[in-house]
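Letters A, B, ... mirror the listed sequences (proteins, then strands); counts begin at 1.
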Amino acid sequence: QSVLTQPPSASGTPGQGVIISCSGSSANIGSNTVNWYQQSPGAAPKLLIYSNDHRPSGVPGRFSASKSGTSASLAINGLRSEDEADYYCAAWDDSLNGPQFGGGTKLTVL
Amino acid sequence: QVHLQESGPGLVKPSQALSLTCTVSGDSISSRGNYWSWIRQRPGKGLECIGYIFYGGTTSYNPSLRSRVTMSVDTSKNQFSLKLTSVTAADTALYYCARASALRPTGNYAFDIWGQGTMVTVSS
């Protein structure tokens, strides 16, 4: 059971926007930064967002994220079919002394 | 370009040890500031960090697996390894190795490079 809680699924139609939430506690999100990973079907996870709201080189501006208190969210604007993937939030947990992942959210582009 | 490649047996018998190696190319495993991790994904499930190791050998393991996990680094081969003992069917998973780097401008860590993963099945 993950210490970071994500909705198991989300969906949207092409061109729309979607927001995926990640809820934690003072031991993780509340005191550390949040990263987001995208895992396309059959592929390894890929870093999508780091340090709450920074995009690595090559990640489109359609992807953005934010953090407030013990929660974080990932926003995807202008959905495209290739965005259909699993999305994971992650944060260091001070109690467990290691990085923790959320359970993942499966995004379906209808 | 940095590349990580997992290797090891795809089938392990229950109660035996699972041993995997991650070969790093394009970066030195002795690079200060990076740490090297094993992350697994059980079939149809999410990601679980097994633990990590710094180049100097300092390790930290997931509390739920700590009693069965050992990680090590071989700087001469630019590799790091995972050993998981007393495996059961619950250890059947896709095992990834990954690099965690302190990314600019914040200096906070993230898993920026991942291997392709290797599937390990525990079965007699």
Requested in this report: Determine the option with the most heavy-atom pairs under 4.5 angstrom with chain A, choosing from B/Gln41, B/Arg104, B/Glu48.
Outcome: B/Gln41
Report summary line: Counting heavy-atom pairs under 4.5 angstrom with chain A, the leader among B/Ser37, B/Ser64, B/Pro105, B/Gly51 is B/Pro105
Query raised in the report: Do the non-hydrogen side-chain atoms of B/Phe111 and A/Pro45 ever get within less than 4.5 Å of each other?
Result: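 Side-chain contact under 4.5 Å: no.
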Query raised in the report: Considering only heavy atoms from C-beta outward, does the side chain of B/Tyr52 approach that of A/Pro99 to under 4.5 Å?
Result: yes
Please classify the contact of [X] with chain B as side chain, backbone, both or neither, using a heavy-atom distance under 4.5 Å.
X: A/Gln6; result: neither
X: A/Ala90; result: neither
X: A/Pro56; result: neither

Query raised in the report: Between B/Ser60 and A/Asn97, is there a donor-acceptor pair closer than 3.5 Å when you use the side chain of the first and the backbone of the second?
Result: yes
Report task. Residue by residue, scan residues 115-124 of chain B and write down, ordered by number, those that have a heavy-atom distance under 4.5 Å to chain A; if none do, write 'none'. Result -> B/Gly115, B/Gln116
Report task. Please answer: with hydrophobic residues joined when any side-chain heavy atoms are less than 4.5 Å apart, are B/Tyr109 and B/Leu4 in the same cluster? Result -> no
Query raised in the report: Is B/Val69 reachable from B/Phe80 through a run of hydrophobic residues whose side-chain heavy atoms are each under 4.5 Å from the next?
Result: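 In one cluster: yes.
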About how many Å separate [atom2] of [Y] and [atom1] of [X], when rounded to the nearest 0.5 Å?
X: B/Leu47; Y: A/Tyr37; atom1: CG; atom2: OH; answer: 9.5 Å
X: A/Asp93; Y: B/Cys49; atom1: CG; atom2: SG; answer: 11.5 Å
X: A/Tyr50; Y: B/Thr106; atom1: OH; atom2: OG1; answer: 6.0 Å
X: A/His54; Y: B/Leu103; atom1: NE2; atom2: CG; answer: 10.0 Å
X: A/Asn32; Y: B/Asn108; atom1: CG; atom2: CG; answer: 8.0 Å

Requested in this report: Check each atom of B/Ile39 against the heavy atoms of chain A and say whether the ones under 4.5 Å are side chain, backbone, both or neither.
Outcome: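 Looking at B/Ile39, just its side chain touches chain A.
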Query - Exceeds 12 heavy-atom contacts within 6.0 angstrom, atom CD1 of A/Ile19 - result: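 No, because the 6.0 Å sphere around CD1 of A/Ile19 holds 12 heavy atoms or fewer from other groups.
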Requested in this report: Determine whether the aromatic ring centres of A/Tyr88 and B/Trp114 lie less than 6.0 Å apart.
Outcome: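 Ring centres of B/Trp114 and A/Tyr88 not closer than 6.0 Å.
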